[in-house]
Amino acid sequence: MNIPQVLGYARIAGMPAVTGLYTVLLPLLAFAALGASRHLVVAADSATAAIFSGALSEMAPVGSGAYISMVSAVALLNAGFLLVARLCRLGFLADFLSRTVLVGFLAGVGVQVGLGMLYDMLGLVSDRHTPVLQALELERGIPRANGMAALISCVACLILLLGQKYMPRKPVALAVIGLGMLLGWSGLPGAHGVRLLGAVQGGVPVLHVPVVPWESILALLPVSASCVFVIIAQSAATSRAFADMFHETVDENRDILGLSAANAVAGLSGTFTVNGSPTQTAMAVRVGAMTQRAQVVFAGVTLCVLLTLTGPLAWLPHCVLASVVFCVAMGMVDLSALNRIRRESPGEFWLALVTAATVVGVGVEQGIFIAIALSLFRHVRHSYKPHTMVLRSDAATGAMEVEPVHVGAQTEPGLIVYRFSADLFYANCQLFAQDITLLVETAPVPVRCLVVDCSAVTDIDYSAACVVRDVFERLSEQQVQVFLGRVLPYALADMERHHIVGAVRRENIFEQLHPAVAAARAFIAD
């Protein structure tokens, strides 16, 4: 399944078809040796192919010797940039990819890839790389669709869907590919204008360093930087998504090293940039691949094909290959996971939909980073307006119970125990000041002591420290004594550095809450 697919990616890249096969030979082995992910398939990818082909086609004729050399040079530059990224430990970027984002990301990639496959399934051709433009052009091109290609695609999809339901562990897709080649050999598709894959050159790659003028290398740097941006983001998202699926851990920095090695051998073997592919990873997982040993076998099969079996591939109809990829892509849209997210967390459900829509409407790399930005914004929003509450003694049990801050809330006559459930920073410190002012000014009995439960406060920045000091100094002027309870060592260090300890007095700061409350009660009793 993957071998014909990488031949299609070679077409997007503007490279000879055989170079698509080269992407699943040495690069696969390099990542299997150095990468950490058990599932990630590193091979040709449509996103990076579209990036460098669009830029390099303006610098040299597509398919020319100069163009091919520059394409391989981009892969080598990518390897260098990725090595620098590994040394800088940029794998931490994957930590900002939540499960919600990953579900939306895979759904968006599935829709994007499936939309592109519809062209070949209907016997149409498009030079558009943007999904929105592809959809608009597809709508206008349906009247020109090839009926035979559409019929073959429908039958192939039906067989694949029935196989997935009733024989999920059987190589049904491989059987469909084989039947497609037999059908192409019969001459029936060709007689009805259905396009076949065509002749594919055989032979193994010859290792060499591409020769590119220095001024061209400088022009290739921004192209390579764009590719690396996509490689890190997409590979990390794909690796994390499939690791979560099998409850495994990932080492993103080792994966970046593996990607660097894979791109290095890609450039030296005369092929183009490789990337962690969501669709090819999904294909491998669907047929039972659980470790990189499967990719080593894949590389071995590719070698056999290059040496002896490129002939039969020529008979494969494009519509059959597209049908296989289309069904895999649609399987990446996990409706059950989206429905679970919608039921449990509607806000995150919309985040998943925005991620998917951005991937489809704008691009893979933009979708990932917009999703990360929205996730961080959502998290900051919770920290910006955290839960704040007043603790009160339960009449029956005597235990401390919480209630939201409101006008007239008080723990007991003369005493307020207040909890702020987040770190204090420049964006939320005004809420801290407003809550305390409200509680003190509206208390039914004049407040003599305020106890602040600092259990959730581990960090205080400069802006927040200024506000906190000002609040405590105003309370001191109003003859309100301040006590701090559950002060963690990290918070205490910040309080000492920002001179908050002096505004409260060191003896009024406690590691537990109950001693602080007891000290406040004793002060009120005096």
Side-chain angles (χ1 to χ4, degrees), residues 2 28 31-43 86 89-110 113 164-165 167-171 173 231-259 262 275-298 327-349 351-353 355-356 359 364 367-368 371-372 374-376 378-379:
N2 279 344
L28 272 183
F31 184 82
L34 297 178
S37 174
R38 295 167 61 88
H39 306 286
L40 189 66
V41 178
V42 174
R86 168 60 185 89
R89 297 182 178 273
L90 294 185
F92 75 90
L93 292 173
D95 293 335
F96 294 97
L97 297 167
S98 67
R99 291 199 178 198
T100 303
V101 166
L102 295 175
V103 170
F105 162 74
L106 288 180
V109 171
V113 172
Q164 181 183 346
K165 183 175 182 179
M167 296 182 291
R169 305 299 296 177
K170 302 296 182 182
I231 291 170
I232 293 177
Q234 181 170 303
S235 299
T238 305
S239 176
R240 179 66 62 89
F242 285 93
D244 287 346
M245 193 178 298
F246 294 98
H247 310 288
E248 298 169 353
T249 58
V250 292
D251 184 344
E252 292 85 1
N253 288 310
R254 264 191 65 193
D255 281 347
I256 291 176
L257 179 61
L259 289 162
N275 187 12
S277 172
T279 50
Q280 296 190 62
T281 304
M283 283 184 181
V285 169
R286 175 168 292 185
V287 298
M290 296 300 295
T291 70
Q292 288 293 330
R293 286 196 298 270
Q295 312 319 324
V296 174
V297 174
F298 181 15
C327 289
V328 172
M330 291 301 98
M332 296 167 67
V333 183
D334 193 341
L335 295 177
S336 61
L338 287 169
N339 194 41
R340 286 195 302 271
I341 295 170
R342 182 188 60 80
R343 289 197 308 267
E344 296 179 25
S345 181
E348 291 188 87
F349 172 71
L351 176 60
L353 289 186
T355 303
V359 168
V364 171
I368 293 172
I372 290 175
L374 290 175
S375 297
L376 291 175
R378 192 170 186 272
H379 175 73

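Values in this document were obtained by computation on a predicted structure and should not be read as measured data.
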Can you measure from [atom1] ([X]) to [atom2] ([Y]) and round to the nearest 0.5 angstrom?
{"X": "Leu335", "Y": "Met330", "atom1": "CG", "atom2": "CE", "answer": "10.0 Å"}
{"X": "Leu28", "Y": "Phe298", "atom1": "CG", "atom2": "CZ", "answer": "6.0 Å"}
{"X": "Leu257", "Y": "Leu34", "atom1": "CG", "atom2": "CG", "answer": "5.0 Å"}
{"X": "Glu348", "Y": "Thr355", "atom1": "CD", "atom2": "OG1", "answer": "10.5 Å"}
{"X": "Ile232", "Y": "Ile256", "atom1": "CD1", "atom2": "CD1", "answer": "4.5 Å"}
{"X": "Arg254", "Y": "Phe31", "atom1": "CZ", "atom2": "CZ", "answer": "8.5 Å"}

State, to 0.1 Å, how close [X] and [Y] come at their nearest heavy-atom pair, and which atoms those are.
{"X": "Ala243", "Y": "Val250", "answer": "CB-CG1, 3.2 Å"}
{"X": "Arg286", "Y": "Gly331", "answer": "NH2-CA, 3.5 Å"}
{"X": "Val359", "Y": "Gly108", "answer": "CG1-C, 3.6 Å"}
{"X": "Gly276", "Y": "Leu40", "answer": "CA-CD1, 3.7 Å"}
{"X": "Ala284", "Y": "Val41", "answer": "CB-CG2, 3.9 Å"}

Between Ser239 and Ser235 (side chain of the first, backbone of the second, donor and acceptor by atom type, cut-off under 3.5 Å), is there such a pair?
no
Hydrogens and angles aside, do [X] and [Y] bring a side-chain donor and acceptor to less than 3.5 Å of each other?
{"X": "Ser277", "Y": "Asn275", "value": "no"}
{"X": "Ser37", "Y": "Asp255", "value": "no"}
{"X": "Glu248", "Y": "His39", "value": "yes"}

Derivation and outcome, side chain to side chain contact (heavy atoms under 4.5 Å, CB included), residues Phe246 and Val285:
CA-CA 10 Å; Phe246 294 98; Val285 169; 3.6 Å; yes
Leu351 and Val101: CA distance, side-chain angles, deciding distance, side chain to side chain contact (heavy atoms under 4.5 Å, CB included) verdict:
CA-CA 7 Å; Leu351 176 60; Val101 166; 4.3 Å; yes
Presence of salt bridge, Glu252 and Arg89, under 4.0 angstrom:
no
